[in-house]
Amino acid sequence: MDTVAESPAQSAARINPVVTEIVRNGLVAVTEEMKINLMRTAYNMIIYEALDFTVGIFDAQGNTVSIGLGLPMFIRGMSDTVKAKLAHFGAENLEPGDILLTNDAYITGSHLNHMTFTVPIFHDDELVGFSCCMAHWPDVGGTLMEGTTDIFSEGLQMPIVRIYRQGVPNEELIAIIKNNVRLPERAMGDFRAQIAAVKTGERRFLELIRKYGRAAVLGGIAAIMDQSEALARARVREIPDGVYEAESFMDDDGINVGQRVPIHVRVTVKDDRMTVDLSEVSLQVQGFYNSGVTAGRSCCQVAFKCLTSALELPINDGAFRALDIVLPPGRVVSAVKPAAMRMWMCYPMTIVDTIFKALAPALPNQVIAGHHADLVVGRINGRRPKDNSFYIYLGGLIGGGWGAKHDSDGQSATIAMNDGDTHNGPSEQVEAKFPLLVERYCLRPDSGGAGRFRGGLGTEQVVQARHPIRFSSQMDRVKCKPWGLNGGMSGFGNGVALHRFGKTGEQHFANGKALNQVLRAGDAYILRSGGGGGYGSPLERDLAMLERDVRCGYVTQQAAEENYGAVFLDNTLTIDAAATQKRRAAMREQGLPHDNPIAETAAAFAPAPPEEHNHEHAKLTEEERVAFAMQCRCCS
């Protein structure tokens, strides 16, 4: 154990590479244990099943040392939040046993549901770092089902506070939290779980210091950051110098229906530095899709990390020293108060995709085509018939299609860019905890964009209400479909629909926004995620791969014929190679197949069906109603 503190320069002068590697793996282990303890002790499925959280260790200045990623888009928000807390209190005013809390959306860059706890770590009375945990609480007050247009309607705003002072909880602040959430017992369960996580990080980081010495650990961290910087700079030097631009759009902001939200990015590469300019991204919008400046920075850092050192651990701030970001305030990913932030995660995913799109000409072998870029979630609430208890469920997270690469098909049924490690909710858990029945959860045939390499497939989930519920969905990228690259075709867009009990057709919502819909027993909501874009001409797809796609149901026979030029032997799923090559040659001469990267325009909102009461249906038992409803939807 060190008795005399050393400066970083003195520490760096005699770095032990063996100890540094032990520290590297130790830091990763610390954040992994923080994740595990949070998952084991949290009360809500969105934390312990979906993994909608991130934990991290930070140095005494708030720079990222190691992040145990749940959500990649927290890559910047965590550090910026720690730094904001440090600036608010001042290092000299922090004490051992303090725990700092905020959910300020304009600091974290996300929505108010993200409660962020931070513990300052002291060794021999000196501040040596921070342990932090940001996690999603299903409810923080505010309106449940309607679209929001300002932050005040979205719930409790907790400024930066000292929720624990020298190990003693601030019961008055805790009482304020309890009085502003609908399910206080569950909120307090997650509260305690997050505290357990940050205290785990503090304990394990101090164990590293006690075992190897403060100088060795802090010096090792400095060396790790320098190594991450060197690796990133070397990768950037491999990218041809130039200015690269791309654009895309979001369908609308949920308030100004049908009014596209433009996305334009500019990437400049010069020697060993990259600059991502988001100045021409849309101004903040009236609806609920804004995010704070830390989310905008995270867009750039996520893309940069993927392109330069995707698998390098631990994730730390050294990896981003070669990245410059231009992002004026007031954009949709640098929104200022009182912009609504509830669906903060939606637009950043498309911005990351658009950065990749811009760099596709420079990095054709590293960049993927567009992906479905939405969490495809449904917000459900109601009362359990057994005890009339109120519940809130964030349904969906069903995964979708990712874009193909130059040498492989895209991933299917995989969660969107924003949420990285997030998992779907197991159907068995959903049915055990809520009065819902998952009728179907499957891949969507033909949803992956056609190409030499096919885009990944989206999914479809049909969930039946066993008792009355309220349902909302606020998805996007219904119109702007995931784009292909180098001749690849677009994938399907996202979608949401309702099916009413006993009816024949679906009620569609053409822009993906289905707000405050009442579902009765036997009704179902349907979530459909988009596929990924294809890569390369579909007329170049290997016939054995195409035949396997058709046999597995990934591509229908009709799509194989129209998009891939396939010719099948009579009454079989076997491709006639000679006839297929002849058809493909003819299609090339005609400029086929045609891509349609923008979905057809339709009415913004589906009209609500008239209320009808079928007396015969009312006589059915619950079991008969379930069976009848499923027959109408799944077995017709």
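Counting begins at 1 with the first residue of the sequence. In what follows, every heavy atom counts, from backbone to side chain, and hydrogens, waters and symmetry copies are set aside.
Atom OG1 of Thr81 and atom CG of Asp104 lie 8.5 Å apart (nearest 0.5 Å). Interatomic distance, Leu278 CG to Ile263 CD1, rounded to the nearest 0.5 Å: 9.0 Å. Rounding to the nearest 0.5 Å gives a distance of 9.0 Å between CD1 of Ile151 and CG of Asn290. The line from CD1 of Ile315 to OG1 of Thr64 is 9.0 Å long, rounded to the nearest 0.5 Å. To the nearest 0.5 angstrom, Asp317 atom CG is 13.5 Å from Ile224 atom CD1. Summarising the geometry, atom CZ belonging to Phe288 is positioned 11.0 Å from atom OG1 belonging to Thr143; distances are rounded to the nearest 0.5 Å.
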Working note: Arg24 + Glu312, criterion salt bridge (Lys or Arg N to Asp or Glu O under 4.0 Å); need CA distance, chi angles, decisive distance, verdict.
CA-CA 11 Å; Arg24 178 195 300 276; Glu312 184 75 10; 3.5 Å; yes

Test log, rule side chain to side chain contact (heavy atoms under 4.5 Å, CB included), inputs Asn103 and His114:
CA-CA 6 Å; Asn103 73 337; His114 287 154; 5.9 Å; no

Give the intermediate values and the outcome of side chain to side chain contact (heavy atoms under 4.5 Å, CB included) for residues Ser473 and Tyr525.
CA-CA 10 Å; Ser473 180; Tyr525 67 82; over 6 Å; no

Report the C-alpha separation of Phe205 and Leu27 in whole Å, then their side-chain angles, then the decisive distance to 0.1 Å, and conclude whether the side chain to side chain contact (heavy atoms under 4.5 Å, CB included) test is met.
CA-CA 8 Å; Phe205 188 67; Leu27 292 168; 4.0 Å; yes

Side chain to side chain contact (heavy atoms under 4.5 Å, CB included) evaluation trace for Arg383 with Tyr391:
CA-CA 6 Å; Arg383 293 193 175 274; Tyr391 68 87; 5.5 Å; no

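For the pair Ile392 and Ile380, the minimum side-chain heavy-atom distance is 4.5 Å or more. Looking at Ser291 and Met345, their side chains never come closer than 4.5 Å, going by heavy atoms from C-beta outward. Using a 4.5 Å heavy-atom threshold, the side chains of Thr31 and Ile67 count as separate. Residues Arg192 and Thr41 form no side-chain contact, since every pair of their non-hydrogen atoms from C-beta on lies 4.5 Å or further apart. Inter-residue side-chain proximity for Ile469 and Leu436 is flagged as met; some heavy-atom pair is nearer than 4.5 Å. Contact annotation: the side chain of Leu112 never approaches that of Met341 to less than 4.5 Å [non-hydrogen atoms, C-beta and beyond]. The shortest side-chain heavy-atom distance between Ile195 and Phe117 falls under the 4.5 Å cut-off. Annotation: side chain of Leu100 is not in contact with side chain of Ile163 (no heavy-atom distance under 4.5 Å).
For Asp387 and Ser389, the side-chain atoms include at least one donor-acceptor pair closer than 3.5 Å. Judged purely by distance below 3.5 Å, without hydrogens or angles, the side chains of Glu202 and Ser131 never pair a donor atom with an acceptor atom. Neither side chain, Asn37 nor Lys199, offers a donor N or O lying under 3.5 Å from an acceptor on the other. For the 3.5 Å distance criterion, the side chains of Asn316 and Ser228 qualify, holding a donor opposite an acceptor. Between the side chains of Asp252 and Asn256, no donor-acceptor pair is found at a separation under 3.5 Å. Looking at Asn516 and Ser472, their side chains never bring a donor and an acceptor atom within 3.5 Å of each other.
Ser298 contributes a side-chain N or O that, together with a main-chain N or O of Arg76, makes up a donor-acceptor pair within less than 3.5 Å. Of the possible polar contacts, none joining the Thr149 side chain to the Gly287 backbone as a donor-acceptor pair under 3.5 Å is found. Judged purely by atom type and a 3.5 angstrom limit, Arg379 has no side-chain atom pairing as donor or acceptor with the backbone of Leu144. Counting only distance, with no hydrogens or angles, the side chain of Lys513 and the backbone of Met475 share a donor-acceptor pair below 3.5 Å. Judged purely by atom type and a 3.5 angstrom limit, Asp150 uses its side chain to pair as donor or acceptor with the backbone of Ser153. Between the His371 side chain and the Met417 main chain, a donor and an acceptor come within less than 3.5 Å of each other. Here the side chain of Asp190 pairs a donor or acceptor atom with the backbone of Tyr43 at under 3.5 angstrom. Within the 3.5 Å criterion, the main-chain N or O of Arg331 finds no donor-acceptor partner in the side chain of Gln284. The backbone N or O of Gly77 lies less than 3.5 Å from no partner atom in the side chain of Asp80, so there is not a single donor-acceptor pair. One N or O on the side chain of Gln194 and one on the backbone of Cys133 form a donor-acceptor pair closer than 3.5 Å.
In this structure, Arg40 fails the cation-pi test against Tyr48, since its NZ or CZ atom is not both closer than 6.0 Å to the six-membered ring centre and inside 45 degrees of the ring normal.
With salt bridges taken as basic N to acidic carboxylate O contacts below 4.0 Å, one links Arg214 and Glu126. Asp374 and Arg477 are not joined by a salt bridge, as no carboxylate oxygen comes within less than 4.0 angstrom of a charged side-chain nitrogen.
Using the six-membered ring where Trp is involved, Tyr289 and Tyr347 have ring planes that are parallel, under 30° apart on the 30 and 60° scheme. Between Trp344 and Phe74, the ring planes are parallel. Angles under 30° get that label, and only those over 60° would be called perpendicular.
The 12-atom threshold is exceeded at CG of Asn93, counting heavy atoms of other residues, nucleotides or ligands nearer than 6.0 Å. In this structure, Glu172 places its CD atom where only 12 or fewer heavy-atom neighbours from other residues, nucleotides or ligands lie under 6.0 Å away. Open room surrounds CZ on Arg165; 12 or fewer heavy atoms of other groups in view lie less than 6.0 Å from it.
Here the shortest heavy-atom pairing between Cys300 and Val276 reads SG-CG1, 3.5 Å. Nearest heavy-atom pair across Ile46 and Pro138 is CG2-CG, 4.0 Å.
None of Asp139, Asn381, Val377, Asn44 except one satisfies the side chain to side chain contact (heavy atoms under 4.5 Å, CB included) rule with Leu394; the exception is Val377.
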